[in-house]
Amino acid sequence: MLNPMKKFKLFPLLFASLLMLTFASCGDDDDDDNNPAPSNTELLTGGMWTGDKIFINGSDFTGTAKSQFGYDVTQATLNFDDNGTYTFTYDDDDSNTETGTWEFTNDEKSIILDEGTADETTLVLNKLTASELHMEGEFSLDGVTIDAEIRAVR
């Protein structure tokens, strides 16, 4: 039979163990409910995008696009507003700017720019996060249609 003093010495250890288990099982499991993932609209319209890379027909043209086409992708900016408009600036002095409309299509996996106009373009979203935008589509450049993937960052 155990001595009553020895039982008393075991009590704090048992109490501490139970207390630790109680705190460990009472974690905040509602984090995902309180902070839901942002929607694609929130990700797309969350700020200015700056050009990072351009791939034409699968080849990286980021460094050669300026010499071949007069276009420096790293100076381009793209801003999507939540009111359905966009602004695309080709260079750093804002002298070449295009504006138009945009909307999601295909369960928010694609974007249609300037729907119903001669400039209508559909871009497939390959990646959309808070800091990266990868989209691809067919573009007409000096009368030639090319397949291009444009990557932008924030």
Side-chain angles (χ1 to χ4, degrees), residues 13 16-154:
L13 182 61
S17 298
L18 288 173
L19 192 61
M20 287 175 56
L21 285 172
T22 302
F23 284 134
S25 65
C26 290
D28 188 3
D29 296 334
D30 297 333
D31 286 344
D32 291 338
D33 295 336
N34 293 334
N35 298 318
S39 69
N40 278 356
T41 299
E42 291 170 323
L43 291 171
L44 191 65
T45 62
M48 184 75 66
W49 295 100
T50 301
D52 183 45
K53 294 198 177 288
I54 186 167
F55 295 85
I56 298 176
N57 298 327
S59 298
D60 187 349
F61 267 74
T62 306
T64 58
K66 185 167 186 164
S67 63
Q68 290 188 358
F69 304 113
Y71 174 71
D72 183 357
V73 69
T74 64
Q75 297 299 313
T77 59
L78 182 58
N79 190 53
F80 292 94
D81 288 318
D82 57 6
N83 66 3
T85 62
Y86 72 89
T87 304
F88 179 56
T89 303
Y90 292 87
D91 50 34
D92 60 353
D93 67 2
D94 296 341
S95 63
N96 293 310
T97 300
E98 289 184 17
T99 59
T101 60
W102 72 273
E103 65 182 76
F104 280 117
T105 186
N106 191 24
D107 292 327
E108 296 190 349
K109 295 176 186 157
S110 300
I111 300 171
I112 298 176
L113 301 178
D114 304 318
E115 184 176 24
T117 70
D119 295 328
E120 182 176 314
T121 303
T122 300
L123 302 171
V124 176
L125 293 174
N126 294 334
K127 184 175 189 178
L128 177 58
T129 68
S131 61
E132 289 184 86
L133 171 62
H134 298 188
M135 54 190 175
E136 68 178 294
E138 287 187 353
F139 298 89
S140 179
L141 188 61
D142 296 332
V144 177
T145 301
I146 58 171
D147 291 320
E149 179 182 0
I150 299 168
R151 296 183 182 180
V153 295
R154 266 200 195 111

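One-based numbering along the sequence shown. Quantities reported herein were computed from a predicted structural model and do not represent experimental measurements.
- The closest side-chain heavy-atom distance from Leu113 to Asp119 is not below 4.5 Å.
- Counting heavy atoms from C-beta on, the side chains of Phe80 and Leu133 come closer than 4.5 Å.
- Going from atom OG1 of Thr89 over to atom CD of Glu98 covers 9.5 Å, rounded to the nearest 0.5 Å.
- Judged purely by atom type and a 3.5 angstrom limit, Asn83 uses its side chain to pair as donor or acceptor with the backbone of Thr85.
- With Glu42 contributing its side chain and Ser39 its backbone, the two residues share a donor-acceptor pair below 3.5 Å.
- Using a 4.5 Å heavy-atom threshold, the side chains of Ile150 and Leu123 count as separate.
- Phe104 places a side-chain heavy atom less than 4.5 Å from the side chain of Leu125.
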Chi angles and distances behind the side-chain contact (heavy atoms from CB on, under 4.5 Å) call for Met135, Leu128: CA-CA 8 Å; Met135 54 190 175; Leu128 177 58; over 6 Å; no
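- Asn79 has its side chain within reach of Met48: a pair of non-hydrogen atoms, C-beta onward, lies under 4.5 Å apart.
- Under a 3.5 Å cut-off, the side chain of Trp49 and the backbone N or O of Arg151 do not form any donor-acceptor pair.
- Looking only at distances, a side-chain donor or acceptor of Asn57 sits under 3.5 Å from a matching main-chain atom of Asp147.
- In this structure a side-chain-to-backbone donor-acceptor pair under 3.5 Å is present from Asp60 to Thr62.
- What you find for Leu43 and Arg154 is that their closest heavy atoms are O-NH2, 2.9 Å.
- When Asn40, Thr122, Leu44 are each tested for a side chain to side chain contact (heavy atoms under 4.5 Å, CB included) with Ile111, only one passes: Leu44.
- At least one side-chain heavy atom of Glu120 sits less than 4.5 Å from a side-chain heavy atom of Ile112.
- Contact detail for Trp102 and Thr45: the closest heavy-atom pair is CZ2-CG2, 3.7 Å.
- Nearest heavy-atom pair, Thr117 versus Asp114, reported as atom, atom and distance to 0.1 Å: OG1-O, 2.7 Å.
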